[in-house]
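One structure is given below, encoded as structure tokens.
Side chains included, hydrogens not; waters and symmetry mates left out as well; all remaining heavy atoms used. Heads up: numbering here begins at 1 and tracks the sequence.
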Amino acid sequence: QEQLVESGGGSVQAGGSLRLSCAGAFAHFRSGGSMGWFRQVPGKEREAVAGLSNDGTTIVADSVKGRFTISKDNGKNILYLQMDSLKPEDTAMYFCSADPYVRHILSLGAVAEFDYSGQGTQVTVSS
């Protein structure tokens, strides 16, 4: 089973941008499933950030709407999370996730509970 591997995290100042990438999720997507991103701060629960259903529809959390965009590159088999206008409260470990059995994401929260996820990439936003 192909592993999910995230990259692109780092440290930025508030207002800056980062683009996260995820390799390995496409196998599940091509099997009819969905992909997404969630984040977690130590001591807190996972927070689903964005999801991409198998029909191409997307959903994002209200907390990041208008600032974060989820997309994919079919040729490169990469899932992206473009993060703009970053805020200190966006600081977290970001994980990509995938589930071959979820064709359509009915509730964004499901993204944080998908069957497969990676090791995460840290995003730190300073004020």
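There is no path of hydrophobic side-chain contacts, each under 4.5 Å, that joins Val60 to Phe38. In the hydrophobic cluster analysis, where Ile, Leu, Val, Met, Phe, Trp and Tyr join through side-chain heavy atoms closer than 4.5 angstrom, Ile59 is grouped apart from Leu81. Placement of Tyr116 and Ile70 in two distinct hydrophobic clusters is found when ILVMFWY residues are connected by side-chain heavy-atom separations under 4.5 Å, directly or transitively. Note: the hydrophobic cluster containing Val64 also contains Val12 (ILVMFWY, side chain heavy atoms under 4.5 Å, direct or indirect links). Val49 and Phe114 fall into different hydrophobic clusters, defined by Ile, Leu, Val, Met, Phe, Trp and Tyr side-chain heavy atoms under 4.5 Å apart, directly or through other members.
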Open item on the list: Set out, in order, the CA-CA distance, both residues' side-chain angles and the distance that settles side-chain contact (heavy atoms from CB on, under 4.5 Å) for His28 and Asp99, then state yes or no.
Closed with: CA-CA 6 Å; His28 305 296; Asp99 198 317; over 6 Å; no
- [ ] Just do the salt bridge (charged side-chain N to carboxylate O under 4.0 Å, His left out) check on Lys65 and Asp62 with the steps written out, would you?
- [x] CA-CA 5 Å; Lys65 194 167 292 182; Asp62 287 343; 3.1 Å; yes
Open item on the list: Between Ser63 and Glu89, does the side-chain hydrogen bond (donor to acceptor under 3.5 Å, both in side chains) criterion hold? Intermediate values first, please.
Closed with: CA-CA 10 Å; Ser63 60; Glu89 50 263 43; over 6 Å; no
TODO: Decide yes or no on side-chain contact (heavy atoms from CB on, under 4.5 Å) for Asp90 and Arg67, but give the supporting numbers first.
DONE: CA-CA 11 Å; Asp90 294 320; Arg67 300 188 298 120; 2.7 Å; yes
- [ ] Apply side-chain contact (heavy atoms from CB on, under 4.5 Å) to the pair Tyr80 and Lys72, showing each step before the final yes or no.
- [x] CA-CA 6 Å; Tyr80 296 107; Lys72 61 180 175 66; 5.9 Å; no
TODO: Walk me through it: do Asp84 and Leu18 pass the test side-chain contact (heavy atoms from CB on, under 4.5 Å)?
DONE: CA-CA 7 Å; Asp84 299 317; Leu18 285 173; over 6 Å; no
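A 4.5 Å side-chain heavy-atom check between Val41 and Thr91 finds every atom pair outside the cut-off. Contact check for Gln122 versus Thr124: side-chain heavy atoms found under the 4.5 Å cut-off. Contact of the Pro100 side chain with the Phe29 side chain is not registered, since no non-hydrogen atoms from C-beta on lie closer than 4.5 Å. Asn77 has its side chain within reach of Arg30: a pair of non-hydrogen atoms, C-beta onward, lies under 4.5 Å apart. Under the 4.5 Å side-chain criterion, counting only non-hydrogen atoms from C-beta, Cys96 is in contact with Leu4. Using a 4.5 Å heavy-atom threshold, the side chains of Ile105 and Ser53 count as touching. At least one side-chain heavy atom of Trp37 sits under 4.5 Å from a side-chain heavy atom of Glu6. Contact of the His104 side chain with the Asp55 side chain is registered, since non-hydrogen atoms from C-beta on lie closer than 4.5 Å.
Between Val111 and Ala48 the shortest heavy-atom distance is CB-CB, 4.1 Å. Heavy-atom minimum distance, Arg39 versus Ala92: CB-CB, 3.8 Å. Considering all non-hydrogen atoms of both residues, Gly118 and Phe95 come closest at O-CD2, 3.4 Å. Smallest separation of non-hydrogen atoms from Pro88 and Ser127: CG-CB, 3.9 Å.
Ser7 OG to Ile78 CD1: the interatomic distance, rounded to the nearest 0.5 Å, is 7.0 Å. Between Glu47 atom CD and Leu108 atom CG the span is 8.5 Å, to the nearest 0.5 Å. Expressed to the nearest 0.5 Å, how far CE of Met83 lies from OG of Ser17 amounts to 8.5 Å. Put simply, OG on Ser71 and CG on Leu79 are 7.0 Å apart, with the number rounded to the nearest 0.5 Å.
Without hydrogens or angle criteria, Thr121 side chain to Gly9 main chain gives a donor-acceptor distance under 3.5 Å. Between the side chain of Ser34 and the backbone N or O of Arg103 there is at least one donor-acceptor pair closer than 3.5 Å. Panel note: side chain Arg46, backbone Ala112; a donor-acceptor pair is recorded below 3.5 Å.
Ring geometry, Phe68 versus Tyr94: the interplanar angle falls from 30° to 60°, so the pair is classed tilted.
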